[in-house]
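Throughout, protein chains are lettered first and strands after them, A, B, ... in sequence-line order, and every chain is numbered starting at 1.
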Amino acid sequence: MKTRVKKIIDKYHNDKGFLVPILQDVQKEYNYLNREALNLVSAFLEVPISQLYELGTFYKAFSLKPRGRHEMKLCTGTACHVRGVPLMKDNIERILQIQAGETTPDLEFTFETVNCLGACALGPILVVDGEYHGNLSISKTNRILKKLGKKVKIDEES
Amino acid sequence: MAEMVSLTIDGLKIHAPAGTTILEAATDANIYIPHLCSNEELAPYGACRLCMVEITQGERARLVASCIFEVADGLEVKTNTERVLNVRRLVIELLLARNNKHPALRKIADELGVKETRFPIEQKGCILCGQCVRTCREVVGVSAIGFSGRGITRKVATPFMESPPDCIACGSCVYVCPVQFIPMKEENGVRTIMKYDYPMQKCRKCGQYFAPKKQLEYFSKITNLPLEHFETCVDCR
């Protein structure tokens with residue numbers, strides 16, 4: 001781990017001014033802001049750990065908990081909401097057996113809601129690993145989840 | 001000697017060195033501006049917004065936080081206009097929603113004629129002025145505590161919400177807090193800050209507990225003097 005973190009920091013010439021990009025790279029490397037990695041960054045750059053924790057909790061892009069292999073973001077903006085997103089949210093939560101904002105224990109899925117993706121014409125909309133699925137329906141969420149994970153059990157097939 | 005600028009505060013002509021803030025200039029001229037987050041030992045921060053004043057530069061009048069706005073030549077400052085007082089009343093109401101018990105806040109509220117807050121009282125205690133965090137960083141120099149989260153979830157936090165590894169138990173955060181939010185007690189040679197325990201050092205001569213061990217270690221580190229030098233209390237030295 002030491003060499004991997006060192007490599008990231010070297011990329012930014014040991015410059016404390018690049019804390020956010022460094023943490024972004026650390027997050028990319030480990031999929032979340034791993035505690036040991038943060039301690040290493042703190043030691044290498046001589047930045048107090050409290051400051052790194054501050055950054056890690058301030059930005060939504062950072063996560064201090066491990067994230068799932070697949071990231072799902074469901075839009076809950078007004079346009080999507082009136083087209084039935086709450087039902088789809090319940091469906092996804094039921095299938096993954098987690099609440100929005102959580103990660104499945106097997107680290108396969110992270111499911112979050114976002115407030116508006118700015119693509120209201122396509123609503124309801126779900127982003128899975130950067131891929132946009134528009135005109136969402138409950139049956140579509142079932143299909144998407146089935147395609148992604150064999151472990152996911154879907155009762156009603158439609 | 002720094003360059004002097006002249007400005008008026010509430011109609012009073014004032015000369016102040018360039019680079020000082022309106023709040024400092026006003027305080028020197030015995031003009032009272034309420035404030036909570038400003039501390040002369042710390043860099044200007046501008047968190048509490050209680051020190052808002054109205055300034056006129058040229059045609060336009062606007063509101064600024066006097067603790068971060070630097071004096072300028074020809075600046076006209078008013079600390080007591082209705083516009084200013086309205087903002088302060090709102091600010092103190094918001095602060096009372098976080099803590100409606102503390103005498104320091106109640107006193108400022110009384111001065112502004114605010115009796116109760118219209119907002120739901122959350123009784124969080126901490127008013128997020130950041131003096132503890134800034135003192136730890138700027139004065140003590142260890143940065144053991146920081147903020148976490150943002151918006152409504154922002155709070156003063158230790159890294160990972162655990163016992164802070166860099167803390168030297170000096171208690172500066174406790175001392176500087178304007179609302180006494182951070183509890184500290186000393187009992188049987190252990191100092192407890194928040195919920196974390198730090199062992200104290202017994203004086204080598206008089207045998208009294210006098211300072212946290214971690215603080216003495218830190219002194220020894222920054223002064224390059226042997227630790228034994230600090231293990232005797234100031235009275236016995």
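- In this structure a side-chain-to-backbone donor-acceptor pair under 3.5 Å is missing from E54(A) to S148(B).
- With a threshold of 4.5 angstrom between heavy atoms, L64(A) approaches chain B through side-chain atoms but not through N, CA, C or O.
- Within the 3.5 Å criterion, the main-chain N or O of G146(B) finds no donor-acceptor partner in the side chain of S50(A).
- Neither the backbone nor the side chain of L55(A) comes within contact range of chain B; no heavy atom of the residue lies under 4.5 Å from a heavy atom of that chain.
- Counting heavy atoms of neighbouring residues, nucleotides and ligands inside a 6.0 Å radius, atom CD of E162(B) exceeds 12 of them.
- Interface remark: T158(B) contributes backbone atoms only to the contact with chain A (heavy atom separation under 4.5 Å).
- Counting non-hydrogen atoms of neighbouring residues, nucleotides and ligands closer than 6.0 angstrom, the NZ atom of K73(A) reaches no more than 12 such neighbours.
- The two atoms that bring K60(A) and R150(B) nearest to each other are N-NH2, 3.9 Å, heavy atoms only.
- Residues G149(B) and F58(A) share a closest heavy-atom pair of O-CD1, 3.7 Å.
- Between I49(A) and F160(B), the closest side-chain pair of non-hydrogen atoms falls below 4.5 Å.
- Within 6.0 Å of the CZ atom in F119(B), the count of heavy atoms belonging to other residues, nucleotides or ligands exceeds 12.
- Contacts of P165(B) with chain A are made by side-chain atoms alone, with heavy-atom separations under 4.5 Å and no backbone atom involved.
- Within 6.0 Å of atom CD in Q57(B), more than 12 heavy atoms from other residues, nucleotides or ligands are found, so the atom counts as buried in its surroundings.
- S143(B) places no side-chain N or O within 3.5 Å of a backbone atom of P48(A) that could act as its donor or acceptor partner.
- Counted within 6.0 Å of NZ on K221(B), heavy atoms from surrounding residues, nucleotides or ligands total 12 or fewer; the atom is thus considered open.
- Counting non-hydrogen atoms of neighbouring residues, nucleotides and ligands closer than 6.0 angstrom, the OH atom of Y196(B) exceeds 12 such neighbours.
- The 12-atom threshold is exceeded at CD of E138(B), counting heavy atoms of other residues, nucleotides or ligands nearer than 6.0 Å.
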